[in-house]
Amino acid sequence: MRIYALLGGMWALMILGGGLAVMVLGPLDFGPGNEGLNSVVKAVAAVLMVALWVWVLVRMMKYILRR
Amino acid sequence: MVDTYAPLVFGGMGAGAAFVVVYLVVPPLARHLEARGMCVPDVLKKGRPPVARPGGPAILAGLAAGCIPLAWHAGGWGVPAMLLTISAACAIGYVDDRRVMAGWFKPAALCAAALPLILAGPYDTYLEFPPFGAVHIPVLYIGVILAVVSTTGNTINSIDVMNGVASGYVAMAAGAVCIVLAVLGRWDALAFGAVLLAASLAFYRYHRLPSRIFPGDSGALALGVAYGCLAIYGGVEVVAAVAMLPAIANSFFFLHSVRRIVEHRQIGRAAVVRDDSLRLRDSGDPGAPVTLVRLILRRGPMTEAQVVREIFRLGAFSAGLAVITGLMMVS
């Protein structure tokens with residue numbers, strides 16, 4: 001049952017992360033002439049979000065193994 | 001209506017061709033491999049019987065046969081580019097089947113295999129996150145393609161641990177993605193999905209417990225990369241990732257526990273052991289990698305068939321989540 005909860009948690013995190021990407025990261029714009037900066041900031045933010053996703057997964061995995 | 005029916009007709013022809021080719025090619029291929037001694041022991045069975053490997057060439061032949069009607073219908077380089085990427089993945093896996101390569105080899109080589117897809121593949125550069133909408137990432141999307149091809153290939157390869165799992169799992173995930181593509185009305189991609197579904201189902205017929213043939217790295221990478229191509233072609237990357245969650249979790253557990261990219265055959269410690277009554281159990285070795293099978297066996301010893309059923313249950317659960325995710329894309 002805990003593995004199903006883990007998968008459900010992974011799914012919820014993906015949907016939530018997608019929401020952040022579309023609502024917050026997508027519209028991010030540093031003005032004309034800063035397209036490069038836009039891309040770099042979005043890429044770094046995306047990598048940070050993936051890192052956060054991985055961190056949460058590690059906690060969930062360790063919880064399952066402990067139980 | 002012609003726009004709807006034509007891809008479905010060609011998709012049906014492609015799916016039929018893929019199924020028939022894989023179904024007919026596997027038995028002679030298995031006999032050929034057995035005659036040449038190209039077998040590996042099925043370590044989870046009593047007496048460790050030899051099983052022919054690799055079945056990748058049969059899967060590739062089926063996918064190629066299925067893609068011919070699609071390429072003829074769609075025109076352009078989109079479908080041939082996907083087939084080139086799948087063929088390159090199959091060749092990379094074949095090299096790994098013949099001699100064990102370093103852990104970094106497959107992820108790096110799969111990035112190179114994605115080149116035809118990047119150059120001529122049928123995709124747009126919007127990444128859809130249901131239910132919120134899409135982001136336009138013209139440059140970053142190349143990174144998405146590299147990540148999708150490398151991840152899908154390697155995760156399907158890493159879940160190919162028991163009889164029938166890789167092919168059955170891809171069939172289940174491709175089926176979920178096909179349902180979503182049908183709901184979204186993306187008929188050309190649905191046709192390609194039908195080809196992949198048919199090829200995996202035909203191979204599953206021989207791969208299921210007890211296996212007559214193993215797909216090997218060539219087959220697992222071909223199936224995984226074809227699934228990645230389907231995700232990109234259909235513009236349903238997130239849906240496809242959701243359907244693959246158990247396989248992604250398996251790769252993630254493995255990588256996190258061994259803390260380096262390494263071929264599973266090069267790990268000397270067993271995560272799962274077999275007792276005298278042929279039941280599998282967690283080895284309890286803290287130094288062995290953590291895998292999905294190991295987590296399943298935390299509930300207690302199981303037969304191989306029971307573990308496979310549990311993996312398929314998890315696959316069905318993720319496929320359901322993928323369909324729900326896809327339905328959120330309908331505006």
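Note that the structure is predicted; figures quoted are calculated from it, not measured. Letters go in sequence order (proteins before strands), and every chain restarts at 1.
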**OP:** Please indicate whether A:Tyr4 has more than 12 foreign heavy atoms, meaning atoms of other residues, nucleotides or ligands, lying under 6.0 Å from its OH.
**Re:** yes
Original post:
For chain A, which residues from residues 241-251 of chain B have at least one heavy atom closer than 4.5 Å to it?
Top reply: B:Ala241, B:Val242, B:Leu245, B:Pro246, B:Ile248, B:Ala249
Original post:
Quick one: are the ring centres of B:Tyr141 and B:Tyr123 less than 6.0 Å apart?
Top reply: yes
Original post:
From A:Leu6 CG over to A:Met60 CE, what is the distance, rounded to the nearest 0.5 angstrom?
Top reply: 4.5 Å
Subject >> Residue part contacting chain A, namely of B:Leu321, when any heavy atom lies under 4.5 Å >> reply: both
Subject >> B:Glu237: partners by salt bridge (Lys or Arg N to Asp or Glu O under 4.0 Å), with sequence neighbours left out >> reply: none
Original post:
Considering only heavy atoms, which portion of B:Ile324 lies under 4.5 Å from any heavy atom of chain A: side chain, backbone, both, or neither?
Top reply: side chain
Original post:
Contact part of B:Phe253 toward chain A, heavy-atom cut-off under 4.5 Å: side chain, backbone, both or neither?
Top reply: both
Subject >> Residue pair A:Trp11, B:Thr325: steps toward the side chain to side chain donor-acceptor pair (under 3.5 Å) verdict >> reply: CA-CA 9 Å; A:Trp11 177 65; B:Thr325 310; 2.7 Å; yes
Original post:
Looking at side-chain heavy atoms only, is the closest gap between B:Asp160 and B:Leu223 below 4.5 Å?
Top reply: no
**OP:** Return the minimal non-hydrogen interatomic distance between B:Val180 and B:Ala322, and the atom names on each side.
**Re:** CG2-O, 3.8 Å
**OP:** Against chain B, label A:Leu25 side chain, backbone, both or neither, depending on which of its atoms sit under 4.5 Å from a heavy atom there.
**Re:** neither
**OP:** Against chain A, work out which of B:Arg299, B:His136, B:Glu128, B:Arg313 has the most heavy-atom pairs shorter than 4.5 Å and name it.
**Re:** B:Arg313
**OP:** May I ask you to decide if B:Pro289's main-chain N or O and B:Arg294's side chain share a donor-acceptor pair within less than 3.5 Å?
**Re:** yes
